[in-house]
Amino acid sequence: MVDESTRKTLSTIPLLKTKAGPRDKELWVERLKEEYQSLIKYVQNNKEADNDWFRLESNKEGTKWFGKCWFIHDLLKYEFDVEFDIPVTYPTTAPEIALPELDGKTAKMYRGGKICLSDHFKPLWGRNVPRFGIGHAMALGLGPWLAVEIPDLIAKGVISYKEKNRIGYRVEFIKTYLLL
Amino acid sequence: MSNIQELEAKIKDLEEKLASATQKNVREKIETMSSEVVDSNPYSRLMALKRMGIVNNYERIREFTVAVVGIGGVGSVTAEMLTRCGIGRLILFDYDKVELANMNRLFFQPHQSGLSKVEAAADTLRNINPDVDIHTYNYNITTVDSFDNFTNVLTTSSLTDGPVELILSCVDNFEARFAINTACNEFNLTWFESGVSENAVSGHIQFISPGETACFACAPPLIVASNIDEKTLKRDGVCAASLPTTMGIVAGFLVQNTLKYLLQFGQVTNYLGYSALTDFFPTMNLKPNPNCDDLNCRKRQKEFELKPKPEVAVEAKEEEKPVHEDNEWGISLVEESVDERDVTVSEGVTLAYTFPDQSSIEECQEATSNDVSLDELMAQMKSI
């Protein structure tokens, strides 16, 4: 079910051990720390391998996650907002990752831009509860989805390359500044 | 000028039409169910079940509250059936809106697209049977924000302000099923799980009484219906297929068993499957898993063990005698060694995935939580 390169990526994402969801007060904080540590390591690995492809952050409770992911196609960078909630039954059930701006543009999506994960991802998640975390969901769920869907959507002309303007960058910079 | 007069006349005409369309044939509430056989009695055919000796106490249906979670292809039809049967109170949960893409299913109509499913359904249902008290909740039950309200509604919304008598899961995803399962195990609520496969040609219903029968976490969906190559069905660009037929059939099974459970007639089926391609209807009993992952499920199992059980008469059977009285050579049958991983499942189903193979991940490292605080980690993540 998993090819060699995915297996290799997978082996570098730290595994988690605390089985706790957002309703398990203190244990959830423990789990959340593991999530962050695993994610930080994964992003650092990606940067080192020159394969940086997403950023995520959460609300204070760690129940709502948001950020950006991007995909390079023909030397052009296509960027999308990512968001998802941590379900009450996490980590038994995986988060449902959504790319809201692509809602309605592809059939491989559920309402609200939730990407279709049933086939390639859910069985894998199911047999690795609670060791898989958000990093694994990104690597095994969203990553392969983007790799298949984005080139197809570009070819169909459903999405097109948007040149980032300076104002955009500036707004983003101010936003980041305010968050700090 | 004549133009304005014409328009005014037209408006008046349309207003009259609208008024007559919305007011005509709206029936008044009915205080008590009557079994009188007259054309004007909406309950005469249901009350006839008593005369036929099927149900002893049909009018008790008005004392019950049923919650339907998910008002899609199965849930909306389920809600309509219960409404027509005259259920006391109906509670509807869904966070979605009606879309034109839903029109291959029953119940919703094109003019309702854009409305929230629960509101659109409640409007239609109140019109069909104003005696049913319908409550609606428009949110996603799997989110942390809504879950507490969800459990609160389930435990306090019966006609006597107690827990609802039955919950029907008509959702279309694993996450929502798990959320319902978690709530029902925690608050000891009886429910039916139902589902239609993504390829639209199989479905099932499952009766879940916490501690007594397998919960949804006792046997996670390791098994899927076989006899069909999914790749042939999953065409490019199609995420999920659906048919009004399969969904109607599953809704029918669901409400039939709901009526049997509430009004105590016939036998409630523990698990009923349906394979449309072969018209195969497996039924089975599912015992709870003593090692279930859900702590509350294990707790309910212990409670159930301590409860006195109604005695079931077992037919007396003559003891089988051995074919040969003596065994001069000491011959005995030895069980063949069985490969532990070879788990057998019922006819018509295969395993979708096996249990974890430790070797595949042992080379991974663990995310160990040392003394770093969560705030520090969040800041670190943000600054990468």
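Lettering follows sequence order; numbering is per chain, from 1.
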Let me confirm one number: the [atom1]-[atom2] distance from [X] to [Y], rounded to the nearest 0.5 Å.
| X | Y | atom1 | atom2 | value |
| --- | --- | --- | --- | --- |
| A:Tyr110 | B:Asp172 | OH | CG | 7.5 Å |
| A:Thr89 | B:Asp293 | OG1 | CG | 12.0 Å |
| B:Leu374 | A:Glu35 | CG | CD | 11.0 Å |

For the student: nearest non-hydrogen atoms of [X] and [Y], plus distance:
| X | Y | value |
| --- | --- | --- |
| A:Asn59 | B:Met378 | O-CE, 3.5 Å |
| A:Val88 | B:Ala179 | CG2-CB, 4.1 Å |
| A:Ile86 | B:Val144 | O-CG2, 3.8 Å |
| A:Glu57 | B:Lys382 | OE1-CE, 3.0 Å |
| B:Thr143 | A:Asp85 | CG2-OD2, 3.4 Å |
| A:Thr92 | B:Phe174 | O-CE2, 4.2 Å |

Worksheet item: Do you know which of A:Gln44, A:Glu149, A:Lys19 has the most heavy-atom pairs with chain B at a distance under 4.5 angstrom?
Response: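 So the answer, after comparing A:Gln44, A:Glu149, A:Lys19, is A:Lys19.
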Discussion item. Which one wins on heavy-atom pair count under 4.5 Å against chain B: A:Lys64, A:Arg23, A:Lys47?
Written reply: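 Option with the greatest count: A:Arg23.
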Worksheet item: Going through the distances and angles, do B:Gln380 and A:Val43 end up as a side chain to side chain contact (heavy atoms under 4.5 Å, CB included)?
Response: CA-CA 11 Å; B:Gln380 196 186 339; A:Val43 172; over 6 Å; no
Discussion item. At a 4.5 Å cut-off on heavy atoms, which part of B:Glu376 comes close to chain A: side chain, backbone, both, or neither?
Written reply: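 Nothing of B:Glu376, per the 4.5 Å heavy-atom cut-off to chain A.
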Item to complete: Output the option from B:Leu377, B:Thr142, B:Asp148, B:Asn140 having the highest count of non-hydrogen pairs under 4.5 Å with chain A.
Response: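 Looking at each option in turn, the highest pair count goes to B:Leu377.
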Practice prompt. Would you mind telling me which of B:Asn181, B:Asp96, B:Thr182, B:Asp294 has the largest number of heavy-atom pairs within less than 4.5 Å of chain A?
Written response: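 Looking at each option in turn, the highest pair count goes to B:Asp96.
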Would you mind checking which part of [X] comes under 4.5 Å of any heavy atom in chain B, side chain (CB onward), backbone (N, CA, C, O), both or neither?
| X | value |
| --- | --- |
| A:Glu61 | neither |
| A:Lys60 | backbone |
| A:Thr63 | side chain |

Fill in: Any residue meeting ring pair (Phe, Tyr, Trp, His ring centres under 6.0 Å) with B:Phe150, in chain and number order, not counting sequence neighbours
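If we apply the ring pair (Phe, Tyr, Trp, His ring centres under 6.0 Å) test to B:Phe150, skipping adjacent residues, the hits are B:Phe93.
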Fill in: Donor-acceptor contact present, side-chain A:Lys33 to main-chain B:Val372, <3.5 Å
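Side chain of A:Lys33 to backbone of B:Val372: a pair is present.
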Practice prompt. Walk me through it: do B:Glu175 and A:Lys114 pass the test side chain to side chain contact (heavy atoms under 4.5 Å, CB included)?
Written response: CA-CA 13 Å; B:Glu175 292 74 17; A:Lys114 290 172 182 170; over 6 Å; no
